[in-house]
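Structure, as structure tokens:
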Amino acid sequence: MFKKSITLAMIVLGLNISAFAMEVPVDAKLDYNQGIDFYKLGMYERSIESFRSAIRTYPDYIDAYYNLGTVLEYLKNYSEAAVVFKQIYVRNPNDYEVIYKLANLAVRNEDYTMAQKYIELIPSTSDYYKQASELAQLIKTEILTPPKVENPKSTVATQTGIYENILSPTGITTDKDGNVYVSTFSDNSIMKITPDNKRIVFLKSKEINGPISLASDNIGNIYISNYNANNVLKVTQDGKVTVLVNKLDKPYGLHVNGNMLFITCQGSNSVYRQKIDN
């Protein structure tokens, strides 16, 4: 996941090699490596604080900035991630990987003018020129234009459309207010898309492990089939997570009918039935 040139879905185990190659104070090195350890444990806030502490001790700690920005990007805190990556750009205006990241983050923040400015800084000789060109083309397409709602009184858009750039989407469900919920398998999170096309992270929790299917009941509770954890989670609208059914064998499909939740289990070739309170 971290420094450098590694995708968000991966974790670099030997990051401290580059850290110790620089003249960095010992305290900053310790905080830096602690930040990596906290990330591996899923303790993201403590990981962020450790990287920030390393930077406070050594303000030119490039790798710490990079890893901090990458964690924030992973958590979809795109605005904060952009602020952090800008610190690298200020110190090294020729780091085209970081410039491309800043362009990508600007797109995610819907600041397409700034995204285009960053793209123009990447020369044709850079390894990131092709990706930057593709991003520039994406900005020009209708994909980045929110769909129009034909009936202003309706909370659900009725026209054909598409939601782009969702990381490994699997399950999907909706609620009575027209919000769309999408489970992202590799990111272990649930995305919420509002009727006006705004995207937020509805839930990212250590309890989510390989979400496949989603279902919702008539009071707004969301149910998640946790394929890798062999359980089904219940999530209330305020984000409270509980294990509804445990010790299932590869739960997959979900369906709610009245006060009953049906669960298909691939590992046991069976369908499980669970009463729910709604």
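- No cation-pi contact links K192 to Y181, judged by a cut-off of 6.0 Å to the six-membered ring centre and 45° from its axis.
- With hydrogens and angles disregarded, a donor-acceptor distance shorter than 3.5 Å links the side chain of N188 to the backbone of G210.
- When every heavy atom of G258 is checked against every heavy atom of I276, the shortest pair comes out as O-CD1, 4.2 Å.
- For D187 and K76, the salt-bridge test passes: some basic side-chain N is under 4.0 Å from an acidic carboxylate O.
- At a cut-off of 3.5 Å, with distance as the only test, a side-chain donor of N231 or N226 sits close to an acceptor on the other residue.
- Under a hydrophobic-cluster definition in which Ile, Leu, Val, Met, Phe, Trp and Tyr are linked whenever side-chain heavy atoms come within less than 4.5 Å, directly or via other members, Y32 and I88 are assigned to the same cluster.
- Of the possible donor and acceptor atoms, none in the side chain of T184 sits under 3.5 Å from a partner among the backbone N and O of M191.
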Would F202 and V235 count as a side-chain contact (heavy atoms from CB on, under 4.5 Å) here? Give the steps. CA-CA 10 Å; F202 175 69; V235 186; 3.7 Å; yes

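- Here the straight-line distance linking atom CG of L248 with atom OG of S268 works out to 7.5 Å at 0.5 Å rounding.
- The side-chain tip of K101 does not point at the ring of Y128 from less than 6.0 angstrom away and within 45° of straight on.
- Across T173, T174, L254, a single residue satisfies side chain to side chain contact (heavy atoms under 4.5 Å, CB included) together with L214, and that is T173.
- The shortest side-chain heavy-atom distance between N179 and P195 falls under the 4.5 Å cut-off.
- With rounding to the nearest 0.5 Å, the separation of CG in N67 from CD1 in I48 is 12.0 Å.
- Both M114 and L138 sit in one connected hydrophobic cluster of ILVMFWY residues. Membership requires side-chain heavy atoms under 4.5 Å apart, directly or through other members.
- A donor-acceptor contact shorter than 3.5 Å links the side chain of T70 to the backbone of Y66.
- Contact detail for T170 and P211: the closest heavy-atom pair is OG1-O, 2.9 Å.
- Atom NZ of K250 and atom CD1 of I263 lie 15.0 Å apart (nearest 0.5 Å).
- Enclosure of atom CG in D127 is not indicated, since only 12 or fewer non-hydrogen atoms of other residues, nucleotides or ligands lie within 6.0 angstrom.
- Around atom CZ of R199, more than 12 heavy atoms belonging to other residues, nucleotides or ligands sit under 6.0 Å away.
- Of all heavy-atom pairs spanning A28 and A54, the tightest one is O-CB, 3.5 Å.
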Could you please spell out the steps behind the side-chain contact (heavy atoms from CB on, under 4.5 Å) verdict for K204 and I208? CA-CA 7 Å; K204 188 172 183 66; I208 301 180; over 6 Å; no

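- Atom CG of D27 is separated from atom CZ of R56 by 12.5 Å, given to the nearest 0.5 angstrom.
- Looking at heavy atoms from C-beta onward, E49 lies out of side-chain contact with F38 at the 4.5 angstrom threshold.
- Side-chain contact between I62 and N92: absent, with no pair of heavy atoms (C-beta onward) separated by less than 4.5 Å.
- When atom types are taken as modelled, the side chain of S225 and the backbone of Y252 share a donor-acceptor pair closer than 3.5 angstrom.
- A single hydrophobic cluster is not seen to contain both V241 and L244; linkage of ILVMFWY side chains at heavy-atom distances under 4.5 Å, directly or through other members, places them apart.
- Side-chain contact between K176 and N218 is absent, with no heavy atoms from C-beta onward closer than 4.5 Å.
- Closest heavy-atom contact between I99 and P93: CD1-O, 3.3 Å.
- Put simply, the side chain of S183 gets close to the backbone of I212: a donor and an acceptor are under 3.5 Å apart.
- Using a distance-only test at 3.5 Å, with no hydrogens or angles considered, a donor-acceptor pair links the side chain of D95 to the main chain of V98.
- Side chain of D175 to backbone of D177: a donor-acceptor contact under 3.5 angstrom is found.
- The two residues G42 and K206 have their closest heavy-atom pair at O-CD, 4.0 Å.
- A distance-only check finds no donor-acceptor pair linking the side chain of R108 to the backbone of N104 [under 3.5 Å].
- The number of heavy-atom neighbours closer than 6.0 Å to OH of Y44, taken from other residues, nucleotides and ligands shown, is above 12.
- Distance alone, capped at 3.5 Å, places no donor-acceptor pair between the S126 side chain and the Y96 backbone.
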With ring pair (Phe, Tyr, Trp, His ring centres under 6.0 Å) as the test, would you mind laying out the steps for Y74 and Y39 before giving the verdict? CA-CA 11 Å; Y74 177 71; Y39 176 81; 5.7 Å; yes

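- In this structure, L102 is a member of the same hydrophobic cluster as V107, with clusters built from ILVMFWY side-chain heavy atoms closer than 4.5 Å.
- Across all non-hydrogen atoms, the minimal contact from Y65 to R91 is OH-NH2, 3.3 Å.
- The shortest side-chain heavy-atom distance between I119 and L121 does not fall under the 4.5 Å cut-off.
- Using a 4.5 Å cut-off on side-chain heavy atoms (C-beta onward), E207 and V243 make no contact.
- Between the side chain of T264 and the backbone N or O of G253 there is at least one donor-acceptor pair closer than 3.5 Å.
- There is no path of hydrophobic side-chain contacts, each under 4.5 Å, that joins F185 to V182.
- Looking only at atom types and distance, the side chain of Y223 has a donor-acceptor partner in the side chain of D217 under 3.5 Å away.
- The OH atom of Y118 lies 12.5 Å from the OG1 atom of T113; values are rounded to the nearest 0.5 Å.
- In this structure, the separation between CD1 on I222 and CD1 on I190 is 8.5 Å, given to the nearest 0.5 Å.
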Go through V83 and L72 one step at a time and tell me if the side-chain contact (heavy atoms from CB on, under 4.5 Å) criterion holds. CA-CA 10 Å; V83 170; L72 291 168; over 6 Å; no

